[in-house]
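Everything below concerns the one structure shown next.
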Protein chains: 2
Amino acid sequence: MRNTNAKSEIQNLIAESTVALSHTEIQAATKGLCDRVTIYRVLDRLVDEGQVHKIINVDGVVKYANCHSCTDHTHTHAHAHIHFSCQKCKSVTCLTDVEPIFKLPKKYKVSEMNFTLSGLCPQCS
Amino acid sequence: MRNTNAKSEIQNLIAESTVALSHTEIQAATKGLCDRVTIYRVLDRLVDEGQVHKIINVDGVVKYANCHSCTDHTHTHAHAHIHFSCQKCKSVTCLTDVEPIFKLPKKYKVSEMNFTLSGLCPQCS
DNA sequence: TTTCATCTTGCAACAGAGTTGCGAATATAG
DNA sequence: CTATATTCGCAACTCTGTTGCAAGATGAAA
Ligand SMILES: [Mn+2]
Ligand SMILES: [Mn+2]
Ligand SMILES: [Zn+2]
Ligand SMILES: [Zn+2]
């Protein structure tokens, strides 16, 4: 894996953002940096490297956020935290401290969790 | 809201299915019943009526499932249950009995929950 | 520093999911 | 049965993401 301009710019952008960013938002923020296909490919690479994680929002919009709290940066590391999606300002935030408790029927083998709460974020409520 | 052939066929299909169905799956199952645009519009109507709920799967695929356990059929009624997405057979199931417990930082106002666990379903594990 | 295999990029073309406008068809209230 | 609002089919379109390929950039090794 090579370090390129596009990759480090995009990685910095995501790292410095307090909210998860969509492809469209990244494209707007890096205006003219590179082709939109390159953004898709860079994002894939960052996810593969475990630098960034992909979030499917409740409205189906794909967002990317920094793996702040992850020491393990292999691409298989789990993200067992909740995300909060604000219905007003559309921001998506990682709530890394919140760990949900639940009891599944046996026979289900869980390997991944995707948990998003929607409503109003502190800024909007 | 009117009862049409397309609507009742699609509603029955979803009601009789043990797993959530995507637009594509519904189109395949009702082959030739109606136009694909009609399927989209019928699904929107069923969701508005509260007969069916929409699930955004971890892979971003939109699926529809019956509101079995919902007595309230207004379009704003909540769906506070977990969904299970099987990575092998791609089935998405409502686990209506499981209610997760979690503690959010104050200031967040929650109005909706979207919780999907992935792994292997009983049939596949 | 130069070489060179390999990775990355831009461009164009494509694919899939979902939306919109509009005229024709049809469900249902009266 | 008639009138009218709803629903439908079709075609065209948007949006998001993917793929193939030739050209360009990276960095390890010579
Ligand atoms: Mn993470
Ligand atoms: Mn339900
Ligand atoms: Zn907000
Ligand atoms: Zn399965």
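Letters go in sequence order (proteins before strands), and every chain restarts at 1.
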Is the distance from OP1 or OP2 of [N] to the nearest side-chain N or O of [X] less than 4.0 Å?
X     : N      : value
A:R45 : C:dT9  : yes
B:T24 : C:dG16 : no
A:T4  : D:dA25 : no

What integer distance in Å separates [X]:[atom1] from [N]:[atom2]?
X     : N      : atom1 : atom2 : value
A:L43 : D:dT18 : CG    : P     : 10 Å
A:R36 : D:dT16 : CZ    : P     : 9 Å
B:I39 : C:dA17 : CD1   : C1'   : 13 Å
A:D35 : D:dA25 : CG    : C1'   : 16 Å
B:Y40 : D:dC10 : OH    : C1'   : 15 Å
A:Q27 : D:dC15 : CD    : C1'   : 12 Å
B:L33 : D:dG9  : CG    : P     : 8 Å
B:R2  : D:dT4  : CZ    : C1'   : 8 Å

Which heavy atom in A:C86 sits nearest to a heavy atom in A:L120, and how many Å separate them?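 Between these two residues, the closest heavy atoms are SG-CA, 4.1 Å.
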Specify the residue among B:V37 and B:M1 whose closest nucleotide of DNA chain C lies further upstream toward the 5′ end.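 Between the two, 5'-proximity favours B:V37.
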Quick check on DNA chain C: between B:N3 and B:H23, whose nearest nucleotide comes earlier from the 5' end?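 Comparing both residues, the 5'-ward one is B:H23.
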A:E25/A:K90 ion pair, N-O < 4.0 Å: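 The answer is no: the pair does not qualify as a salt bridge.
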Find the distance between CG (A:L43) and CD (A:Q11) and round it off to the nearest 0.5 Å.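 Atom-to-atom, A:L43:CG and A:Q11:CD are 10.5 Å apart.
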Determine whether a donor-acceptor pair (N or O, by modelled atom type, separation under 3.5 Å) exists between the side chain of B:S125 and the backbone of A:Y108.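 Answer holds: no.
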State whether the distance check finds a donor on one side and an acceptor on the other, under 3.5 Å, for side chain A:R41 versus base C:dG10.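 Checked by distance alone, the answer is yes.
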Does A:I82 reach the side chain of B:F102, with side-chain heavy atoms less than 4.5 Å apart?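 With C-beta onward as the side chain, the pair touches.
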